[in-house]
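Keep in mind that the numbers below use all heavy atoms, side chains included, and drop hydrogens, waters and symmetry copies. Fair warning: this is a prediction, and the values are worked out from it, not measured in the lab.
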Amino acid sequence: MPATRPSSDLILHRLTSSDCEIKLKAIREVKNQIIGNRTKKLSYIKLGAVPVLAAVLASADADSTPGSSLVVQSAAALGSFACGVDAGVRAILDAGAFPHLIRLLSAADDKVVDAAARSLRMIYQSKLAPKYDFYKEQDMGFLLSLLKSGNENLTGLGASIVIHSCETSDEQNILCHAGALEKFISLLDGSLSQRDSSLESIAAILKNNPEVVSKFVDLQSRRALSSIIELTKDRYSQTRLLASLCLICVKNSSSCYLQDTGIETKLINILLELLDDSGKVGDNACFAFSSLVAEKDVQKLAFEANAIDKLNSHLQNCALHPKRLEGIFLALAALCSKLECCRSKFLSLQVLNMLVDALTYDDANVRTAACICLKNVSRSIKNSSAGYFTNERIITTLVRLLSDRSTSVQVAALGAISNLVIDFTPQKSKFIQCGGIKELVHLTKSMDSSLRLNAVWALRNMVFLADKMYPEPSVQEQALALVRNLVDGCIDCVEYAFAEDGIILDAVGRQLQKSSKIEIGIQGMYLLSNIACGNESHKEAVMQLLFSEAENGSHSFFSQFLLSNDSRLRPSALWVIVNLTFPSSPGAFGRIVKLRSVGIVSQIKKMVNDPCMDVKLRARQALGQIITYGDN
């Protein structure tokens with residue numbers, strides 16, 4: 001007796017039937033089976049159901065009764081495939097169904113329009129959805145027509161497009177000038193769905209854009225702002241959250257717009273209350289809270305509202321969803337970014353072990369958030385020197401994270417390491433023993449610029465500010481060599497030395513002044529030579545480092561390098577002069593005048609007959625450039 005074919009295969013066979021009734025029934029069966037069932041969705045996607053449904057949209061006559069029914073059911077089924085499953089969205093896009101859904105928005109049958117709009121809204125909930133081009137006049141006109149439509153599904157689709165695609169300040173400005181804000185404000189009086197999608201769209205248009213925020217605040221003589229403040233008291237938690245997000249965007253743009261309302265304390269209390277929601281509202285409240293408390297004055301208010309205790313109580317829930325866990329750690333990180341009282345409170349609650357556990361969590365976003373939190377908590381010199389972070393498990397875990405498969409985890413781990421190894425010998429020694437220097441060396445050669453830069457910062461803290469016992473001078477030499485290679489090349493590479501107000505260049509200067517090891521001097525000179533290859537501001541920075549008021553001409557460390565008995569150190573110092581005095585440099589003459597005044601030119605003249613050929617050649621090259629401007 002032949003084996004029975006799986007029912008899903010039978011349904012798929014009926015989807016391609018030439019009989020409209022059979023096909024329609026099969027589409028309904030697929031739709032009903034996959035609603036809320038991720039496993040079924042993936043199964044039907046694998047069997048190829050999505051291209052078959054896309055073909056129905058392409059071929060069915062939406063203006064006929066049977067064709068209309070086929071289109072409505074097919075669009076609904078595709079929307080179900082897209083809901084919460086990126087694989088479904090990808091299959092829909094690959095099958096070419098997206099443009100057919102857009103086309104159906106213009107159908108005469110309202111049921112077809114509604115079905116297509118709902119399906120597109122599901123697609124636009126995914127990051128895989130096509131980004132809308134607000135710069136094209138035709139596309140912008142189509143979007144505004146959706147927002148002005150009396151059809152709730154169409155206005156909802158318009159909001160979904162804005163939420164998904166509005167990312168840059170230019171896009172925000174385009175939407176603002178086109179009147180999108182006014183339209184969304186008018187929809188706040190609509191249904192619950194319209195209200196919430198409008199609030200989320202308003203937040204997307206306002207975020208990090210002071211110009212747009214200013215125009216929004218002035219709309220309707222500030223009545224629009226008052227309406228949103230009022231919605232923070234709404235009975236629905238999602239509405240309260242979204243209204244709060246809008247106000248956070250306004251507040252982060254300029255505190256002057258809300259200074260008379262005491263809104264900051266109200267927002268803190270609203271978001272802490274929303275944490276009790278076990279669903280997406282509670283998850284998103286954590287992220288909103290971390291955005292709200294970015295500044296010190298708000299952190300103080302949150303501290304007084306016992307925010308750290310409340311976040312900790314939620315953290316004790318063992319069944320937390322990864323999204324919630326990530327959000328809580330980011331909220332704690334924000335609270336501990338500036339205030340010592342917050343860091344001390346965090347450590348007093350014995351949360352550190354849970355934080356360290358989170359460093360090895362399966363979800364990369366949780367690992368990243370845990371690293372950021374550890375970085376901010378460890379900013380406390382008092383707590384670091386008290387030994388809170390000398391646990392070997394913390395250091396070894398962070399070192400392992402330097403080779404994490406996620407770049408965001410690696411960058412966050414570097415940030416934590418930079419704090420932990422600054423001026424505290426126990427952490428430094430453990431870091432070296434765990435192979436941390438080797439990992440930092442590897443990351444300075446990464447293709448990712450953020451990894452390279454953060455690795456250099458960590459090396460700077462690890463080596464340049466090192467305790468006399470740790471690390472050995474050879475490690476300091478290695479670090480200088482790495483930075484030398486990092487700034488060798490284009491102007492953008494040289495800029496790495498000037499990041500964070502020039503912390504790397506300053507550290508190099510201090511290292512050269514205090515070190516007696518020849519190899520450190522050699523690497524330092526070649527590093528400065530590379531920087532002196534840059535633009536005028538880079539060259540002047542090198543001059544300031546070598547010949548500042550604190551450096552006494554012939555007694556400066558640079559002058560001593562030129563007089564060194566080491567035939568490797570002398571040419572390395574001369575290379576700096578060669579690059580500082582290159583004739584095509586606009587400021588070369590001024591630098592030569594300075595070099596003469598501190599006696600460096602006189603020293604170079606004595607080196608043109610140096611017994612070392614390399615020194616002789618570099619001295620003659622430098623002197624040749626100098627006398628281009630005259631011998632006096």
Side-chain angles (χ1 to χ4, degrees), residues 444 452 456 459-460 463-464 476-499 502-513 515 517-548 551 556-564 566-592 594-595 598-601 603-604 607-608 610 612-626 628:
T444 60
R452 290 198 305 273
V456 169
L459 276 171
R460 176 257 187 188
V463 179
F464 297 144
Q476 297 175 341
E477 176 194 350
Q478 184 184 34
L480 281 168
L482 290 167
V483 180
R484 165 193 169 185
N485 291 335
L486 187 73
V487 299
D488 183 17
C490 64
I491 296 293
D492 288 343
C493 293
V494 174
E495 282 292 334
Y496 285 132
F498 294 87
I503 57 170
I504 290 178
L505 189 62
D506 291 344
V508 170
R510 289 195 298 272
Q511 199 68 24
L512 290 173
Q513 288 169 351
S515 177
K517 185 173 172 61
I518 294 294
E519 286 76 13
I520 289 176
I522 294 169
Q523 293 299 340
M525 287 296 98
Y526 280 122
L527 191 160
L528 293 180
S529 174
N530 286 346
I531 294 175
C533 286
N535 59 33
E536 284 301 299
S537 65
H538 299 149
K539 295 177 191 293
E540 291 302 323
V542 173
M543 285 291 292
Q544 178 63 27
L545 186 152
L546 295 177
F547 308 111
S548 66
E551 287 293 313
S556 68
F557 72 83
F558 184 76
S559 178
Q560 297 305 310
F561 285 179
L562 290 174
L563 294 171
S564 170
D566 192 285
S567 60
R568 298 168 300 162
L569 181 56
R570 296 199 303 280
S572 70
L574 284 167
W575 266 118
V576 179
I577 300 299
V578 168
N579 290 339
L580 287 173
T581 59
F582 202 73
S584 63
S585 300
F589 177 73
R591 288 190 287 275
I592 290 171
K594 176 68 174 178
L595 292 171
V598 296
I600 297 298
V601 174
Q603 281 187 260
I604 295 173
M607 300 172 75
V608 294
D610 194 279
C612 172
M613 182 59 69
D614 196 13
V615 174
K616 184 186 298 185
L617 290 174
R618 293 290 79 74
R620 291 182 178 185
Q621 182 182 0
L623 197 59
Q625 293 177 179
I626 290 169
T628 301

Margin query: According to side chain to side chain donor-acceptor pair (under 3.5 Å), who are the partners of Asp614, at least two apart in sequence or on a separate chain?
Written below: Arg618
Margin query: Which heavy atom of Val615 sits nearest to which heavy atom of Ser567, and what is that distance?
Written below: CG2-O, 4.2 Å
Note to self: Any non-hydrogen side-chain atom of Leu512 less than 4.5 Å from a side-chain atom of Leu528?
What the structure shows: yes
Checklist line | Residues that Phe582 engages under ring pair (Phe, Tyr, Trp, His ring centres under 6.0 Å), provided they are two or more places apart | finding: none
Checklist line | Side chain to side chain, His538 and Val542, heavy atoms closer than 4.5 Å | finding: no
Next item on the list: With rounding to the nearest 0.5 Å, note down the distance linking CG in Leu546 to CE in Met525.
Entry: 5.5 Å
Check: Do Val598 and Phe558 come within less than 4.5 Å of each other through their side chains, counting heavy atoms only?
Finding: no
Check: What distance do Cys612 atom SG and Met607 atom CE have between them, rounded to the nearest 0.5 Å?
Finding: 9.0 Å
Next item on the list: Could you tell me which residues satisfy side chain to side chain donor-acceptor pair (under 3.5 Å) with Thr581, sequence neighbours excluded, listed by chain and number?
Entry: Gln625
Note to self: The criterion is side chain to side chain donor-acceptor pair (under 3.5 Å); which residues satisfy it with Ser585, sequence neighbours excluded?
What the structure shows: none
Next item on the list: Using the test side-chain contact (heavy atoms from CB on, under 4.5 Å), find all partners of Ile518 that sit at least two apart in sequence or belong to another chain.
Entry: Ile522, Ser564, Asp566, Arg568, Leu569
Check: For the side chain of Lys539 and the backbone of Ala532, is there at least one donor-acceptor N/O pair under 3.5 Å apart?
Finding: yes
Item checked: Heavy-atom check, side chain of Ile604 versus side chain of Leu574, under 4.5 Å -> yes
Next item on the list: Please examine the side chains of Val508 and Gln511, heavy atoms only from C-beta on, and report whether any two atoms are closer than 4.5 Å.
Entry: no
Next item on the list: Rounded to the nearest 0.5 Å, what's the gap from CD1 on Ile626 to CD on Gln621? Could you check?
Entry: 11.0 Å
Note to self: Rounded at 0.5 Å granularity, tell me how far CG in Asp506 sits from CG in Leu545.
What the structure shows: 7.5 Å
Margin query: Would you compute the distance between atom CD1 of Ile592 and atom CD1 of Ile577 and round it to the nearest 0.5 angstrom?
Written below: 10.0 Å
Item checked: Pairs involving residues 570-591, ordered by first then second residue, that meet salt bridge (Lys or Arg N to Asp or Glu O under 4.0 Å) (sequence neighbours left out) -> Glu536-Arg591, Glu540-Arg591, Arg570-Asp610
Notebook entry, point to check: Hey, does the side chain of Gln523 reach the backbone of Arg484 with a donor-acceptor pair shorter than 3.5 angstrom?
Noted result: no
